[in-house]
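Because the structure is predicted, anything quoted here is derived from the model rather than measured.
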Amino acid sequence: MRVVSGDFKGRQLKAVPGVTTRPTTDKVKEAIFNMVGPYFEGGTALDLFAGSGGLGIEALSRGIDHCIFVDREAKAIQTIHKNLELCRATGSSEVYRNDAERAIKPIVKRGVQFSLIFLDPPYKQQKLKALINMIDENNLLKKNGYIITEHGSDVELDIEIGRFIQLKHETYGMSSITIYRINSGQEEE
């Protein structure tokens, strides 16, 4: 597992010890960023279910200014901290040990809006539709931002969820990527 492109290109990232976390492969990571970037001029990202932090770190490497990492597992939090140190990116990040739903509440209170939101929950425990609705209800995505979901290829997500519309859907073996954006017909001024 490595950083694919940008400022931290080629840096090897540590994986979370054990078998409870499934890291996003480099091939899938590259495909995701080719769909939404590949590079950014600032912005803030949210990496829920962060695992090793690979997606958020890739976003930082490609020009995102700040990333909030959330995972409920202690081993994942330790791994994220190690990987941020390896990339010298601790100053542009925040790391929290929390459940995804609970982590959203303090973020809402802070009034943060994101350019990128990564949702990569364990395949067996997916609540993607509910999380996307929460993001919508709390106006967490910037007007031109993306919600990037990674899920089992056997899961089919709705074309529209709240104000969001599916922009792309790709399958890579047992994994699928579905990307959402605010439906331009429903944008708020």
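- With rounding to the nearest 0.5 Å, the separation of CG in D47 from CD1 in I148 is 9.5 Å.
- Hydrophobic clustering keeps I32 apart from L119 (ILVMFWY residues linked when any side-chain heavy atoms are closer than 4.5 Å, directly or through intermediates).
- Residues Y146 and L55 fall within the same hydrophobic cluster, defined by Ile, Leu, Val, Met, Phe, Trp and Tyr side chains chained together at heavy-atom separations under 4.5 Å.
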> Where do V95 and H81 land on the side-chain contact (heavy atoms from CB on, under 4.5 Å) test, with the steps shown first?
Replying inline: CA-CA 8 Å; V95 182; H81 281 295; 3.8 Å; yes
> Taking it one step at a time, do I182 and F164 satisfy side-chain contact (heavy atoms from CB on, under 4.5 Å)?
Replying inline: CA-CA 4 Å; I182 293 175; F164 304 119; 3.5 Å; yes
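- Here the straight-line distance linking atom CZ of F8 with atom CG of N83 works out to 11.5 Å at 0.5 Å rounding.
- Among residues at least two apart or in separate chains, salt bridge (Lys or Arg N to Asp or Glu O under 4.0 Å) pairs with a member in residues 76-95 are E94-R110.
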>> Go through it in stages, so that I can follow the logic: the residues are N98 and R72, the test is side-chain contact (heavy atoms from CB on, under 4.5 Å), and I'd like the CA-CA distance, side-chain angles, deciding distance and then a yes or no.
In response: CA-CA 5 Å; N98 209 338; R72 68 178 185 193; over 6 Å; no
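- A heavy-atom distance below 4.5 Å is not found between the side chains of L140 and Q113.
- M1 and K14 get closest at one heavy-atom pair: CE-O, 3.2 Å.
- Within 6.0 Å of CD on Q12 lie more than 12 heavy atoms contributed by other residues, nucleotides or ligands.
- Cluster annotation: L128 is not connected to I177 through the hydrophobic network of ILVMFWY side chains, with a link wherever side-chain heavy atoms come within less than 4.5 Å.
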> Would R97 and D71 satisfy salt bridge (charged side-chain N to carboxylate O under 4.0 Å, His left out), going step by step from the backbone distance to the final call?
Replying inline: CA-CA 5 Å; R97 183 176 178 199; D71 202 288; over 6 Å; no
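- Residues T44 and D65 form no side-chain contact, since every pair of their non-hydrogen atoms from C-beta on lies 4.5 Å or further apart.
- Between I179 and V36 there is a side-chain heavy-atom pair separated by less than 4.5 Å.
- Taking 4.5 Å as the limit, every side-chain heavy atom of F33 sits out of range of all side-chain heavy atoms of V4.
- Of all heavy-atom pairs spanning F69 and G53, the tightest one is CE2-O, 3.4 Å.
- Judged as a side chain to side chain donor-acceptor pair (under 3.5 Å), and not counting sequence neighbours, T79 has no contacts.
- Closest heavy-atom contact between L48 and A103: CD2-CB, 4.5 Å.
- Here the side chain of S61 pairs no donor or acceptor atom with the backbone of I57 at under 3.5 angstrom.
- The hydrophobic cluster around I165 extends to I159, counting ILVMFWY residues whose side-chain heavy atoms fall within less than 4.5 Å of a member.
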> Under the side-chain hydrogen bond (donor to acceptor under 3.5 Å, both in side chains) criterion, do T171 and S176 qualify, and how do the steps go?
Replying inline: CA-CA 4 Å; T171 298; S176 286; 2.9 Å; yes
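- Between L13 and C87, the shortest heavy-atom contact is CD2-SG, 3.9 Å.
- Side-chain contact annotation: S5 with Y39, donor-acceptor N/O pair under 3.5 Å present.
- Cation-pi contact between R62 and F40: absent, since separation from the ring centre below 6.0 Å together with deviation from the ring axis within 45° is not met.
- In this structure, L141 is a member of the same hydrophobic cluster as I68, with clusters built from ILVMFWY side-chain heavy atoms closer than 4.5 Å.
- Proximity of a side-chain donor or acceptor of R181 to a complementary backbone N or O of I147 within less than 3.5 Å is not detected.
- In this structure, the side chains of E30 and D26 stay at 4.5 Å or more apart for every pair of heavy atoms.
- Side-chain atoms of N133 and R163 include no donor-acceptor pair closer than 3.5 Å.
- Between the CD atom in E150 and the OH atom in Y172 there is a gap of 10.0 Å [rounded to 0.5 Å].
- Residues L84 and Y96 do not share a hydrophobic cluster, defined by chaining ILVMFWY side chains whose heavy atoms lie under 4.5 Å apart.
- The structure places CD1 of I77 at 4.5 Å from CD1 of I80, a figure rounded to the nearest 0.5 Å.
- Between the side chains of T178 and H169, at least one donor-acceptor pair of N or O atoms lies under 3.5 Å.
- Counting heavy atoms from C-beta on, the side chains of Y180 and I132 come closer than 4.5 Å.
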>> One pair to check against side-chain contact (heavy atoms from CB on, under 4.5 Å): L116 and I64. What are the steps and the verdict?
In response: CA-CA 9 Å; L116 299 173; I64 287 290; 3.9 Å; yes
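- One distance of note links CD of E58 with CZ of R2; it measures 8.5 Å at 0.5 Å rounding.
- What you find for S115 and K142 is that their closest heavy atoms are OG-CD, 3.8 Å.
- Taking both residues in full, the closest heavy atoms of F118 and A45 are given as CE1-CB, 4.3 Å, listed atom of the first, atom of the second, then distance.
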